[in-house]
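Input: a single structure, listed below in structure tokens.
Just so it is clear, the model here is predicted, and its values are computed rather than measured. Only heavy atoms go into these numbers, but all of them, side chains included; no hydrogens, no water, no symmetry mates.
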Amino acid sequence: MKDNDKIRHFPARKIKTGFFNNKNKLAEIKNFQGFEYVKLKKDVNGINFNKKSLEDFAYSLKYTVSIMRDTNNGIFLYEYFISGEELDRFFKLYIDGTIEGKIVQIEKHTPDSLA
């Protein structure tokens with residue numbers, strides 16, 4: 001077995017940089033409806049968030065949502081390719097039961113033009 005084939009276990013790490021940097025202190029992790037979250041007031045450069053910039057960024061993203069369906073003919077994996085603009089509509093259809101199956105994976109694709 002090659003080293004690349006072995007399963008690697010990484011220890012849990014404390015997040016002290018990036019989005020969660022709060023003047024060298026960990027941002028407070030809170031809980032709402034059973035989900036953990038962190039409220040970010042500024043970006044990593046200390047700049048306030050801009051609504052239009054965040055919306056433009058969100059709409060420029062693409063997502064691949066993998067959904068497993070168990071049918072009479074077997075198990076199938078459906079790969080949905082969704083733009084950031086259509087993400088809300090896709091999940092509404094999923095929640096309403098129009099799109100059936102179990103979500104296996106959600107992958108985000110950022111535009112190539114980002115630095």
Side-chain angles (χ1 to χ4, degrees):
M1 184 184 322
K2 297 178 185 177
D3 284 344
N4 291 342
D5 297 332
K6 295 179 184 175
I7 297 174
R8 292 188 173 91
H9 297 281
F10 296 99
R13 64 184 176 91
K14 293 183 179 178
I15 300 171
K16 294 184 180 179
T17 60
F19 285 119
F20 301 106
N21 188 344
N22 187 7
K23 293 188 179 179
N24 298 324
K25 296 179 186 174
L26 291 175
E28 182 181 353
I29 297 175
K30 297 181 180 181
N31 191 303
F32 179 74
Q33 298 290 317
F35 299 100
E36 292 182 341
Y37 74 94
V38 176
K39 178 180 176 182
L40 306 174
K41 297 179 182 179
K42 298 181 179 193
D43 69 11
V44 293
N45 298 314
I47 300 171
N48 290 331
F49 292 108
N50 178 288
K51 181 180 179 180
K52 173 116 175 71
S53 296
L54 287 174
E55 287 174 342
D56 291 346
F57 175 72
Y59 290 155
S60 71
L61 296 173
K62 306 279 187 213
Y63 296 88
T64 303
V65 179
S66 304
I67 296 184
M68 177 191 69
R69 289 195 57 207
D70 186 357
T71 67
N72 292 336
N73 297 327
I75 305 291
F76 295 95
L77 191 64
Y78 290 74
E79 298 275 328
Y80 291 90
F81 306 103
I82 306 153
S83 70
E85 287 184 273
E86 294 290 316
L87 195 60
D88 289 344
R89 187 171 76 84
F90 176 84
F91 281 113
K92 183 177 184 329
L93 292 171
Y94 180 77
I95 290 167
D96 291 345
T98 305
I99 297 173
E100 297 177 358
K102 177 165 181 59
I103 294 176
V104 175
Q105 176 176 304
I106 300 173
E107 188 175 352
K108 177 179 74 171
H109 307 279
T110 55
D112 293 335
S113 61
L114 290 178

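- Cluster annotation: L40 and I29 are assigned to the same hydrophobic cluster (Ile/Leu/Val/Met/Phe/Trp/Tyr, side-chain heavy-atom contacts under 4.5 Å, transitive).
- The side-chain heavy atoms of Y80 and I103, taken from C-beta on, include no pair separated by under 4.5 Å.
- Taking the side chain as every heavy atom from C-beta outward, Y94 and V65 never approach each other to under 4.5 Å.
- Not counting sequence neighbours, the partners of N73 by the side chain to side chain contact (heavy atoms under 4.5 Å, CB included) test are T71, F76.
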>> Let's go through T110 and L61 carefully: what are the C-alpha distance in whole Å and the side-chain angles of both, what is the deciding distance for side chain to side chain contact (heavy atoms under 4.5 Å, CB included) to 0.1 Å, and is it a yes or a no?
In response: CA-CA 5 Å; T110 55; L61 296 173; 3.8 Å; yes

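- To the nearest 0.5 Å, atoms NZ (K30) and CD (E28) are separated by 5.0 Å.
- Under a hydrophobic-cluster definition in which Ile, Leu, Val, Met, Phe, Trp and Tyr are linked whenever side-chain heavy atoms come within less than 4.5 Å, directly or via other members, I82 and I106 are assigned to the same cluster.
- The same ILVMFWY cluster, assembled from side-chain heavy atoms under 4.5 Å apart, contains both L87 and Y78.
- The cluster map of Ile, Leu, Val, Met, Phe, Trp and Tyr, joined by side-chain heavy atoms under 4.5 Å apart, puts V38 and F32 in different clusters.
- In this structure, the side chains of N31 and E36 come closer than 4.5 Å at one or more pairs of heavy atoms.
- Linking ILVMFWY side-chain heavy atoms closer than 4.5 Å, directly or via other members, places I47 and V44 in two distinct hydrophobic clusters.
- Note: E86 CD to F91 CZ = 12.5 Å, rounded to the nearest 0.5 Å.
- Looking at D88 and K92, no side-chain N of the basic residue comes within less than 4.0 Å of a carboxylate O on the acidic one, giving no salt bridge.
- How far CE of M68 is from CD of E100: 12.5 Å, rounded to the nearest 0.5 Å.
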